[in-house]
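In what follows, a single structure is set out as structure tokens and then discussed.
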There are 2 protein chains.
Amino acid sequence: MIETTNRIDEMSQFLKLLSDGTRLEILRRLHVREHCVCDFVEMFDISQPAVSRHLKLLRQSQIILERRERQWIHFRINPDHPQHELLLTILNAMDLPAIPKKNC
Amino acid sequence: MIETTNRIDEMSQFLKLLSDGTRLEILRRLHVREHCVCDFVEMFDISQPAVSRHLKLLRQSQIILERRERQWIHFRINPDHPQHELLLTILNAMDLPAIPKKNC
DNA sequence: ACGTTATATAATACAATCGTTATATAAAGA
DNA sequence: TCTTTATATAACGATTGTATTATATAACGT
């Protein structure tokens, strides 16, 4: 029973992280290729700290991974996250046009 | 571009509805069989109006359907919801023990 | 060492979410 | 008609989520 509650809590936490348009768009982009913070700052109409905060939430839950290269921090999807498959299913379910690999 | 934004907004709205433990549990139960409000009131440690509000949110978004029978209102999953398949995938991804059909 | 660029954190404001209690409505049964 | 049962709505408060601005840190280039 406690076990059941835990699984439900984990899932609701996971879905909460995905239930924000900015974070969904971030994940959709990261599904194509790595991006650094500045890519997203250009992309969205929100401040740099706001972008940073979204990335922090996704990183804290291990949905994305980061890697520093010189002064940039590059983010990518974590393929080993327990719900990685579900994440891909959700991204596909949005059924959006593909993002060109070269695009910013 | 606008189209893309709409799809992302729709998905984030949908996920927001599922990102609550009580609503996930409600949906998990409804996946097994119909329930009325009073079933859920017994089941959860929240007030009847709180249960009613969760059901209203799910109904408004067409994720569940209702049917009145005498003084009871029975809820069930809407198999024609655009994201019905995704909903089932999410419920399965929680990988919980099956709920016996006869159970309350 | 200093200025610039990239990113993170702190403080704060505002809006959304989710609970409660009190009350209303609808159907049933005496 | 009156009471009971099932459900919904309204009003309100606490908590959480998401933005902003200001400031800090880290790496780079001159």
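Order of the sequence lines fixes the chain letters, A, B, ..., with proteins taken first and strands second; residue numbering starts at 1 for each chain.
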Quick one: [X] [atom1] to [N] [atom2], roughly how many Å, whole number?
X	N	atom1	atom2	result
L17(B)	dA16(C)	CG	C1'	13 Å
I73(B)	dT5(D)	CD1	C1'	13 Å
F75(A)	dA6(C)	CZ	P	15 Å

If only atom types and distance count, is the side chain of N92(B) paired as donor or acceptor with the main-chain N or O of T89(B) below 3.5 Å? no

Donor-acceptor pair, side chain of S19(B) and main chain of K16(B), under 3.5 angstrom:
yes

| said: The test is side chain to side chain contact (heavy atoms under 4.5 Å, CB included); show your working for H54(A) and F40(A) and say whether it passes. | reply: CA-CA 10 Å; H54(A) 285 299; F40(A) 295 125; over 6 Å; no

What closest approach, in Å, do [X] and [Y] show between heavy atoms, and which atom pair accounts for it?
X	Y	answer
L17(A)	R23(A)	O-NE, 2.7 Å
F44(A)	T22(A)	CZ-O, 3.9 Å
I46(B)	A50(B)	CD1-CB, 3.8 Å

Can you tabulate the close N/O pairs, meaning under 3.5 Å, that link protein atoms to atoms of nucleotides 28-30 of chain C?
residue : atom : partner : partner atom : Å
dA28(C) : O3'  : R70(B)  : NH2          : 3.2
dG29(C) : OP1  : R70(B)  : NH2          : 3.1

Enumerate the protein-to-nucleotides 19-23 of chain D contacts in which both atoms are nitrogen or oxygen and the separation is below 3.5 Å.
residue : atom : partner : partner atom : Å
dA19(D) : OP2  : H54(A)  : NE2          : 2.4
dT20(D) : OP2  : S47(A)  : N            : 2.9
dT20(D) : OP2  : S47(A)  : OG           : 2.5

**OP:** Find which nucleotide of DNA chain D each of K16(B) and V37(B) is nearest to by heavy atoms, and output the residue with the more 5' nucleotide.
**Re:**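 Per heavy-atom nearest nucleotide, the more 5' residue is V37(B).
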
Value for CG (L58(A)) from CG (N78(A)), rounded to nearest 0.5 Å, stands at 11.5 Å

When all nucleic acid strands are considered with a 4.0 Å heavy-atom cut-off, which category describes R59(A): base, sugar-phosphate, or nothing? nothing

*Looking at K56(B), does any N or O in its side chain come under 4.0 Å of the phosphate oxygens OP1/OP2 on dA8(D)?*
no

Side chain proximity check, T4(B) to R28(A), heavy atoms < 4.5 angstrom
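The answer is yes; the side chains approach within 4.5 Å.
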
